[in-house]
Amino acid sequence: QTQDDIMSRIKEAGFHIAARKQTELTKDIAAQFYNEHKDKEYFEDLTTHMSSGPTLFMVLSRENAVEGWRSLIGPTDQSQAKESAPDSIRAQFGQDVKANAVHGSSTADHAKESIKLVFGDVEFSSDGMLTADNGGGVQESTEKEGEDQTRNSSRNWTRKALKVRV
(Lines give C-alpha, C1' and ligand atoms only; values in the text may rest on other atoms or scores of the structure.)
Protein backbone atom coordinates (compact mmCIF):
# COMPACT_ATOMS: atom_id res chain seq x y z
CA GLN A 1 0.00 0.00 0.00
CA THR A 2 2.81 2.44 0.85
CA GLN A 3 4.40 1.98 -2.59
CA ASP A 4 1.03 2.73 -4.22
CA ASP A 5 0.61 5.84 -2.08
CA ILE A 6 4.11 7.04 -2.98
CA MET A 7 3.53 6.38 -6.69
CA SER A 8 0.28 8.38 -6.48
CA ARG A 9 2.17 11.30 -4.92
CA ILE A 10 4.79 11.05 -7.68
CA LYS A 11 2.14 11.25 -10.40
CA GLU A 12 0.31 14.09 -8.62
CA ALA A 13 3.59 16.05 -8.69
CA GLY A 14 3.63 15.84 -12.49
CA PHE A 15 6.15 13.03 -12.92
CA HIS A 16 5.77 10.29 -15.50
CA ILE A 17 6.99 6.87 -14.38
CA ALA A 18 8.91 5.99 -17.52
CA ALA A 19 10.22 2.64 -16.25
CA ARG A 20 10.16 0.57 -13.10
CA LYS A 21 11.80 -2.59 -11.84
CA GLN A 22 11.61 -4.37 -8.51
CA THR A 23 14.72 -6.27 -7.47
CA GLU A 24 16.97 -6.99 -4.52
CA LEU A 25 20.30 -5.18 -4.53
CA THR A 26 23.51 -6.95 -3.73
CA LYS A 27 25.73 -5.20 -1.22
CA ASP A 28 28.20 -4.47 -4.05
CA ILE A 29 25.56 -2.78 -6.21
CA ALA A 30 24.29 -0.78 -3.22
CA ALA A 31 27.89 0.35 -2.62
CA GLN A 32 28.08 1.54 -6.25
CA PHE A 33 24.87 3.55 -5.83
CA TYR A 34 26.12 5.26 -2.71
CA ASN A 35 29.79 5.49 -3.65
CA GLU A 36 29.87 9.23 -2.93
CA HIS A 37 29.15 8.37 0.73
CA LYS A 38 31.81 5.66 1.09
CA ASP A 39 33.85 7.70 3.57
CA LYS A 40 30.87 8.50 5.78
CA GLU A 41 30.27 6.65 9.04
CA TYR A 42 26.76 5.59 7.95
CA PHE A 43 27.89 3.99 4.66
CA GLU A 44 27.92 0.41 5.98
CA ASP A 45 24.46 0.75 7.58
CA LEU A 46 23.06 2.37 4.43
CA THR A 47 24.33 -0.31 2.05
CA THR A 48 23.22 -3.07 4.42
CA HIS A 49 19.73 -1.55 4.62
CA MET A 50 19.46 -1.07 0.87
CA SER A 51 20.49 -4.69 0.22
CA SER A 52 18.24 -6.20 2.91
CA GLY A 53 15.13 -6.72 0.81
CA PRO A 54 13.29 -5.80 -2.37
CA THR A 55 13.62 -2.29 -3.76
CA LEU A 56 11.40 -0.71 -6.38
CA PHE A 57 13.45 1.29 -8.85
CA MET A 58 11.76 3.86 -11.05
CA VAL A 59 12.82 6.24 -13.76
CA LEU A 60 10.83 9.44 -13.48
CA SER A 61 10.60 12.11 -16.12
CA ARG A 62 9.30 15.65 -16.18
CA GLU A 63 10.73 19.09 -16.68
CA ASN A 64 13.30 19.89 -13.97
CA ALA A 65 12.99 16.35 -12.63
CA VAL A 66 15.94 16.46 -10.23
CA GLU A 67 14.88 19.72 -8.59
CA GLY A 68 11.23 18.66 -8.50
CA TRP A 69 12.13 15.33 -6.94
CA ARG A 70 14.35 16.86 -4.25
CA SER A 71 11.49 19.18 -3.31
CA LEU A 72 8.90 16.39 -3.25
CA ILE A 73 10.91 14.02 -1.04
CA GLY A 74 12.07 16.53 1.56
CA PRO A 75 15.11 16.32 3.87
CA THR A 76 16.94 13.01 4.36
CA ASP A 77 16.18 12.94 8.10
CA GLN A 78 12.52 11.99 8.50
CA SER A 79 12.14 13.92 11.76
CA GLN A 80 13.59 17.05 10.14
CA ALA A 81 11.28 16.51 7.16
CA LYS A 82 8.26 16.44 9.49
CA GLU A 83 9.25 19.88 10.78
CA SER A 84 10.42 21.67 7.64
CA ALA A 85 8.48 19.84 4.88
CA PRO A 86 5.49 18.09 6.50
CA ASP A 87 3.87 17.28 3.14
CA SER A 88 7.02 15.65 1.76
CA ILE A 89 7.23 11.93 1.02
CA ARG A 90 9.88 11.37 3.69
CA ALA A 91 7.84 13.20 6.34
CA GLN A 92 4.78 11.10 5.56
CA PHE A 93 6.32 7.69 4.84
CA GLY A 94 9.83 7.69 6.33
CA GLN A 95 10.68 5.82 9.51
CA ASP A 96 14.11 7.28 10.31
CA VAL A 97 17.24 8.65 8.61
CA LYS A 98 18.13 5.29 7.05
CA ALA A 99 14.63 3.98 6.29
CA ASN A 100 13.38 7.28 4.92
CA ALA A 101 11.10 5.74 2.25
CA VAL A 102 12.77 7.03 -0.91
CA HIS A 103 16.16 7.82 -2.34
CA GLY A 104 17.00 9.60 -5.55
CA SER A 105 19.79 10.97 -7.65
CA SER A 106 21.01 14.42 -6.72
CA THR A 107 22.15 15.36 -10.24
CA ALA A 108 21.18 14.50 -13.81
CA ASP A 109 24.57 12.79 -14.31
CA HIS A 110 24.07 10.61 -11.22
CA ALA A 111 20.59 9.74 -12.50
CA LYS A 112 22.05 8.58 -15.82
CA GLU A 113 24.60 6.39 -14.02
CA SER A 114 21.94 4.92 -11.72
CA ILE A 115 19.55 4.23 -14.60
CA LYS A 116 22.28 2.38 -16.48
CA LEU A 117 23.25 0.39 -13.38
CA VAL A 118 19.70 -0.90 -12.83
CA PHE A 119 18.05 -0.80 -16.24
CA GLY A 120 20.99 -1.25 -18.61
CA ASP A 121 21.18 0.60 -21.90
CA VAL A 122 17.60 1.81 -22.11
CA GLU A 123 16.79 4.85 -24.19
CA PHE A 124 14.18 7.54 -23.76
CA SER A 125 12.49 9.84 -26.23
CA SER A 126 12.66 13.61 -25.81
CA ASP A 127 9.37 13.52 -23.90
CA GLY A 128 10.63 11.03 -21.33
CA MET A 129 9.07 7.85 -22.73
CA LEU A 130 10.95 4.55 -22.81
CA THR A 131 11.99 3.71 -26.38
CA ALA A 132 14.48 0.84 -25.99
CA ASP A 133 13.83 -2.91 -25.77
CA ASN A 134 11.86 -3.74 -22.65
CA GLY A 135 14.16 -6.59 -21.59
CA GLY A 136 15.72 -7.13 -18.20
CA GLY A 137 12.54 -6.83 -16.17
CA VAL A 138 11.91 -3.21 -17.10
CA GLN A 139 8.26 -2.31 -17.04
CA GLU A 140 7.16 0.74 -18.93
CA SER A 141 4.37 2.76 -17.45
CA THR A 142 1.01 2.24 -19.12
CA GLU A 143 -0.57 5.48 -17.95
CA LYS A 144 -3.29 6.75 -20.20
CA GLU A 145 -4.20 9.98 -18.46
CA GLY A 146 -4.15 13.56 -19.71
CA GLU A 147 -0.75 15.10 -20.23
CA ASP A 148 1.08 11.77 -20.17
CA GLN A 149 -0.34 11.13 -23.64
CA THR A 150 -0.24 14.72 -24.94
CA ARG A 151 3.23 15.98 -23.98
CA ASN A 152 4.86 18.57 -26.15
CA SER A 153 7.86 16.67 -27.50
CA SER A 154 9.91 19.85 -27.82
CA ARG A 155 10.14 20.16 -24.02
CA ASN A 156 13.44 19.35 -22.39
CA TRP A 157 12.36 16.44 -20.20
CA THR A 158 14.87 15.20 -17.69
CA ARG A 159 14.96 11.80 -16.08
CA LYS A 160 15.47 10.90 -12.47
CA ALA A 161 16.39 7.54 -11.04
CA LEU A 162 14.88 6.76 -7.69
CA LYS A 163 14.63 3.92 -5.26
CA VAL A 164 11.61 3.20 -3.07
CA ARG A 165 12.55 1.12 -0.05
CA VAL A 166 10.08 1.05 2.85
Side-chain angles (χ1 to χ4, degrees), residues 2-4 6-7 9-11 13-78 88-90 93-143 148 156-166:
T2 300
Q3 282 186 358
D4 292 340
I6 290 172
M7 289 190 348
R9 291 283 309 279
I10 289 167
K11 291 175 187 176
F15 288 96
H16 168 70
I17 300 172
R20 64 181 175 219
K21 180 179 185 178
Q22 186 152 337
T23 190
E24 289 194 30
L25 290 178
T26 65
K27 186 103 177 205
D28 289 340
I29 297 291
Q32 288 179 52
F33 270 111
Y34 297 104
N35 188 48
E36 71 270 17
H37 302 289
K38 68 182 173 190
D39 296 327
K40 306 286 185 178
E41 65 182 49
Y42 58 82
F43 181 74
E44 183 67 26
D45 285 343
L46 176 62
T47 56
T48 297
H49 172 71
M50 292 306 295
S51 60
S52 67
T55 299
L56 175 62
F57 290 88
M58 290 184 272
V59 178
L60 305 180
S61 61
R62 82 164 212 191
E63 290 187 70
N64 300 313
V66 173
E67 297 83 6
W69 178 247
R70 303 311 294 174
S71 176
L72 180 62
I73 66 175
T76 301
D77 184 330
Q78 178 260 2
S88 69
I89 289 175
R90 287 177 170 161
F93 301 103
Q95 298 170 15
D96 56 40
V97 171
K98 182 174 50 179
N100 60 9
V102 293
H103 296 252
S105 304
S106 55
T107 66
D109 286 340
H110 187 259
K112 289 175 187 174
E113 293 169 13
S114 297
I115 290 167
K116 184 168 182 158
L117 193 59
V118 174
F119 296 97
D121 289 323
V122 295
E123 296 178 17
F124 298 89
S125 64
S126 61
D127 65 354
M129 304 298 282
L130 186 67
T131 60
D133 179 15
N134 239 359
V138 178
Q139 298 175 340
E140 183 173 9
S141 175
T142 56
E143 298 169 11
D148 287 321
N156 182 20
W157 288 76
T158 56
R159 281 156 302 288
K160 172 98 185 119
L162 78 102
K163 301 166 273 302
V164 176
R165 179 86 170 84
V166 292

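What you are looking at is a predicted structure, and each value in this text was computed from that prediction instead of being measured.
Residues satisfying the side-chain hydrogen bond (donor to acceptor under 3.5 Å, both in side chains) test with Glu44, not counting sequence neighbours, are Lys27. In terms of the side chain to side chain contact (heavy atoms under 4.5 Å, CB included) criterion, Asp39 has no residue partners (sequence neighbours excluded). Partners of Asp45 according to the side-chain hydrogen bond (donor to acceptor under 3.5 Å, both in side chains) rule, which considers only residues two or more places apart in sequence or in another chain, do not exist here. Scored by the side chain to side chain contact (heavy atoms under 4.5 Å, CB included) test, Thr23 finds Phe57 as partners (sequence neighbours excluded). By the side chain to side chain contact (heavy atoms under 4.5 Å, CB included) test, Asp28 pairs with Thr26, sequence neighbours left out. Here Tyr42 pairs with His37 under the ring pair (Phe, Tyr, Trp, His ring centres under 6.0 Å) rule; sequence neighbours left out.
A donor-acceptor distance shorter than 3.5 angstrom exists from the side chain of Thr47 to the backbone of Phe43, with no hydrogens or angles considered. A donor-acceptor contact shorter than 3.5 Å links the side chain of Arg70 to the backbone of Gly104. Looking at Arg9, its side chain never comes within 3.5 Å of a backbone N or O of Leu72 through a donor-acceptor pair. At distances below 3.5 Å, not a single donor-acceptor pair connects side-chain atoms of Asn100 with backbone N or O atoms of Gln78. Put simply, the side chain of Arg90 gets close to the backbone of Val102: a donor and an acceptor are under 3.5 Å apart.
Between Ile6 and Gln3, every side-chain heavy-atom pair lies at or beyond the 4.5 Å cut-off. Proximity of Ile73 to Phe93: side-chain heavy atoms (C-beta onward) are nowhere separated by under 4.5 Å. Thr107 places none of its side-chain heavy atoms less than 4.5 Å from the side chain of Val66.
To the nearest 0.5 Å, atoms OG (Ser114) and OH (Tyr34) are separated by 8.5 Å. We find the CE-OG distance between Met50 and Ser52 to be 8.0 Å, quoted to the nearest 0.5 Å. Here CG of Leu117 is found 5.0 Å from CD of Gln32. Values are rounded to the nearest 0.5 Å. Between Leu60 atom CG and Met7 atom CE the span is 10.0 Å, to the nearest 0.5 Å.
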Chi angles and distances behind the side-chain contact (heavy atoms from CB on, under 4.5 Å) call for Leu56, Gln22: CA-CA 4 Å; Leu56 175 62; Gln22 186 152 337; 4.2 Å; yes
Trace of the side-chain contact (heavy atoms from CB on, under 4.5 Å) decision for Lys40 with Leu46: CA-CA 10 Å; Lys40 306 286 185 178; Leu46 176 62; over 6 Å; no
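Counting all heavy atoms, side chain and backbone alike, Ala18 lies closest to Ser61 at CB-OG, 4.3 Å. Taking every heavy atom of both residues into account, Gly68 and Phe15 meet most closely at C-CZ, 3.7 Å.
Taking the six-membered ring where the residue is Trp, the centroids of Phe33 and His103 are separated by 6.0 Å or more.
The number of heavy-atom neighbours closer than 6.0 Å to CD of Glu36, taken from other residues, nucleotides and ligands shown, is above 12.
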